[in-house]
Amino acid sequence: MKVKALSRSTSDYVRERAQDTHKVQRNLDPALHPFEKGREYVRALNTVKLERLFAKPFVGALSGHIDGVYSMAKHPQKLSSIISGSGDGELRVWDLSEQATTWRTKGHTSIVNGVCAGHHTGQFLSCSSDKTVKIWNQSVGTDPIETYMGKNAFTGLTHHRSDPIFATSGHTVDVWDETRSDPIHSFEWGADSYQTVKFNQVETNILASCGQDRTIVLYDLRTSKPLSKLVMAMKTNAIAWNPMEAFIFTAGSEDHNAYTFDMRNMKAAQNILKDHVSAILDVDYSPTGQEIVTGSYDRTLRIYNSRSGHSRDAYHTKRMQRIFCVQFSMDSKYVLSGSDDGNIRLWKAKASEKLGVKDWREKNHLEYAAKLKERYSHMDEIKRIDRHRHTPYGVKRADSIKKEMLSAQKRKEDNRRKHSKKGTEEKRVSEREKAIIGIAK
């Protein structure tokens, strides 16, 4: 025979700090709470207003470069370290927690076009327009460990995830072994030069490059020739691979949009990231693969959900110039941007998120508020407040002109289709196919 004894501890009913505050039991029967939806709506509305009120994303500026910052890389083993390269050939390693330089050297005689973490812990690589690639080790000193000479200027650099292999872009896409002085593979497919190159960090034998002839080319190290070539309507400036889905990559284009593709079927883009009003110069995924950050020539930084087409946030400051490189931190909490004014700026990935330790009661309150906001996100007032962002006058004006031009173009196509002879009207092309000219294999 089982006997269950009732146990009522006073600690369950009294708050630990204020001993006079007693716990109140609630009956959650909906019939007893006829005004619950109204109260929840007001709470959701207050949550959205407070988020906009406390949206202060800027954390700090890492100043030290005397020229523009054109390349940047995060350290895969150290959360608080990033590497940057500037237009005068200077390289710096930064400690984000201290917002200070921990290592610096004048590594090149020309602009540093690419930096990336190396094969061994503490090592990183840099490439420049002075036709050299150098391997550095912060703990050894300010002299390069290895130097590789190329025939032409290098425009991009990427390293294999686990092997001592790296790839460079320039006149051709070259794959190098760290133990050899010459490339082990050279790929080219009609382009005069290639803008950038990126290794896939999941399928480590795959790499992608974008050329000056508006192409995106995929390569496999296991074969001696490129896999496939995608021709776009305008030039692509940057490529980023999704770290969680090996076959997905995003390309930032000159037509102000970023296009997400599945490399298994590139007849149409999976998603188009809009809202910029000038060329996108760099793209990066968060380590979770859920968010994308883009930096543009229009002096704004935008953060997107990888599944949506419009940005959830836009960051800018008065003094920030053209953004040439962007990075997510390794914990997805922060975003970094390197611009033409020589500054690296540190931003919060979520503008209204509180920094520092949160009490458990505060965490519960924030989770409850986030769920309420999600539940009532379809309501017009909440949607309007949540989507509103202050942007610089130039960006806002360019955005309205762009929208007017696109609507006029769409109206013209519709009129042409409407007044064409039956059977001769133009075929309607989806937005996700318009930017693609063709695919070659």
Next item on the list: Decide yes or no on side-chain contact (heavy atoms from CB on, under 4.5 Å) for Met72 and Ile82, but give the supporting numbers first.
Entry: CA-CA 7 Å; Met72 195 161 51; Ile82 64 152; 4.0 Å; yes
Next item on the list: With salt bridge (charged side-chain N to carboxylate O under 4.0 Å, His left out) as the test, would you mind laying out the steps for Glu254 and Arg214 before giving the verdict?
Entry: CA-CA 10 Å; Glu254 284 279 331; Arg214 301 173 289 127; over 6 Å; no
Check: Please walk me through it: do Tyr219 and Asn205 pass side chain to side chain donor-acceptor pair (under 3.5 Å)?
Finding: CA-CA 8 Å; Tyr219 311 89; Asn205 290 305; over 6 Å; no
Next item on the list: Mind running side-chain contact (heavy atoms from CB on, under 4.5 Å) on Asp275 and Tyr304 for me, showing each step along the way?
Entry: CA-CA 10 Å; Asp275 288 343; Tyr304 298 82; 4.1 Å; yes
Next item on the list: Begin with the C-alpha distance, continue with both residues' side-chain angles, and end with the deciding distance and a verdict on side-chain contact (heavy atoms from CB on, under 4.5 Å) for Gln270 and Ile248.
Entry: CA-CA 9 Å; Gln270 277 204 336; Ile248 302 293; 3.3 Å; yes
Item checked: side-chain contact (heavy atoms from CB on, under 4.5 Å) assessment of Thr236 paired with Gln195 -> CA-CA 8 Å; Thr236 302; Gln195 182 79 11; over 6 Å; no
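Contact check for Gln138 versus His75: no side-chain heavy atoms found under the 4.5 Å cut-off. A heavy-atom distance below 4.5 Å is found between the side chains of Phe199 and Leu221. Between Lys348 and Lys333 the shortest side-chain heavy-atom distance does not fall below 4.5 Å. Residues Ile382 and Tyr41 form a side-chain contact, since some pair of their non-hydrogen atoms from C-beta on lies under 4.5 Å apart. Between Leu301 and Val293, the closest side-chain pair of non-hydrogen atoms falls below 4.5 Å. Between Ile280 and Tyr297, the closest side-chain pair of non-hydrogen atoms is not below 4.5 Å. Between Met266 and Ser228 the shortest side-chain heavy-atom distance falls below 4.5 Å.
Results of the side-chain contact (heavy atoms from CB on, under 4.5 Å) test with Leu207 over Leu227, Asn200, Val173 single out Val173 as the only residue that passes. Tested against Asn113 for a side chain to side chain donor-acceptor pair (under 3.5 Å), the candidates Ser128, Ser129, Ser126 yield a single pass: Ser129. The only member of Glu381, Lys373, Met379 that meets side-chain contact (heavy atoms from CB on, under 4.5 Å) when paired with Asp386 is Lys373.
One N or O on the side chain of Ser71 and one on the backbone of Val112 form a donor-acceptor pair closer than 3.5 Å. Distance alone, capped at 3.5 Å, places no donor-acceptor pair between the Ser352 side chain and the Ala55 backbone. At least one donor-acceptor pair closer than 3.5 Å links the side chain of Trp241 to the backbone N or O of Lys198. With hydrogens and angles disregarded, no donor-acceptor distance shorter than 3.5 Å links the side chain of Asn343 to the backbone of Arg345. The main-chain N or O of Asp67 is never found under 3.5 Å from a side-chain atom of His65 such that the two would form a donor-acceptor pair. Between the His33 side chain and the Leu28 main chain, no donor and acceptor come within less than 3.5 Å of each other. No donor-acceptor distance shorter than 3.5 angstrom exists from the side chain of Glu291 to the backbone of Gly289, with no hydrogens or angles considered. A donor-acceptor distance shorter than 3.5 angstrom exists from the side chain of Lys229 to the backbone of Trp189, with no hydrogens or angles considered. Not a single donor-acceptor pair under 3.5 Å links the side chain of Asp163 to the backbone N or O of Ile165. One N or O on the side chain of Asp298 and one on the backbone of Val277 form a donor-acceptor pair closer than 3.5 Å.
Remark: Met232 CE to Cys210 SG distance equals 10.5 Å, nearest 0.5 Å. The OG1 atom of Thr250 sits 7.0 Å away from the CG atom of Asn242 when rounded to the nearest 0.5 Å. Remark: Leu96 CG to Leu62 CG distance equals 6.5 Å, nearest 0.5 Å. To the nearest 0.5 angstrom, Phe249 atom CZ is 11.0 Å from Ile206 atom CD1. One finds the NE2 atom of His316 at 6.0 Å from the OG1 atom of Thr391 (value rounded to the nearest 0.5 Å). Once rounded to the nearest 0.5 Å, the distance linking CZ of Phe328 with OH of Tyr285 reads 11.5 Å.
The 12-atom threshold is exceeded at CZ of Arg39, counting heavy atoms of other residues, nucleotides or ligands nearer than 6.0 Å. The environment of Met244 atom CE is sparse: at most 12 non-hydrogen atoms of other residues, nucleotides or ligands sit within 6.0 angstrom. Within 6.0 Å of CD in Glu433 there are more than 12 heavy atoms belonging to other residues, nucleotides or ligands. By the 6.0 Å contact criterion, CG on Asp192 is open, its count of non-hydrogen atoms from other residues, nucleotides or ligands being 12 or less. Within 6.0 Å of the NZ atom in Lys402, the count of heavy atoms belonging to other residues, nucleotides or ligands exceeds 12. Within 6.0 Å of the NE2 atom in His365, the count of heavy atoms belonging to other residues, nucleotides or ligands does not exceed 12. More than 12 heavy atoms of other shown residues, nucleotides or ligands fall within 6.0 angstrom of atom CD in Glu362. Counting heavy atoms of neighbouring residues, nucleotides and ligands inside a 6.0 Å radius, atom NZ of Lys358 exceeds 12 of them.
Applying the salt bridge (charged side-chain N to carboxylate O under 4.0 Å, His left out) test to every pair with at least one member in residues 86-96, sequence neighbours left out, gives these pairs: Glu90-Arg92, Glu90-Arg104.
Of all heavy-atom pairs spanning Ser84 and Trp94, the tightest one is OG-NE1, 2.8 Å. Residues Thr155 and Thr196 come closest through the heavy atom pair OG1-N, 4.5 Å. For the pair Leu273 and Asn271, the tightest heavy-atom approach, listed with the atom from each and the gap, is CD2-ND2, 3.6 Å. Nearest heavy atom pair, residue Ile239 against residue Ile216, reads CD1-CG2, 3.9 Å. The shortest non-hydrogen separation linking Asp341 to Met320 is OD2-CA, 3.6 Å. Pairing each heavy atom of Ala31 with each of Pro34, the nearest pair is O-CD, 4.2 Å.
The closest side-chain donor-acceptor pair between Arg302 and Ser296, if any, does not fall under 3.5 angstrom.
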Got a list of side-chain donor-acceptor pairs under 3.5 Å for residues 408-416, not counting sequence neighbours?
unit_1: Asp414; atom_1: OD1; unit_2: Arg417; atom_2: NH1; d: 3.2
unit_1: Asn415; atom_1: ND2; unit_2: Arg411; atom_2: O; d: 3.3

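By the ring pair (Phe, Tyr, Trp, His ring centres under 6.0 Å) test, Trp347 pairs with Phe58, Tyr315, sequence neighbours left out.
With respect to Lys371 and Glu374, a salt bridge is recorded, a charged nitrogen being found less than 4.0 Å from a carboxylate O. Taking a cutoff of 4.0 Å between a charged side-chain nitrogen and a carboxylate oxygen, Glu51 and Arg312 do not qualify as a salt bridge.
By the 30° and 60° cut-offs, the orientation of the rings of Tyr376 relative to His378 is parallel.
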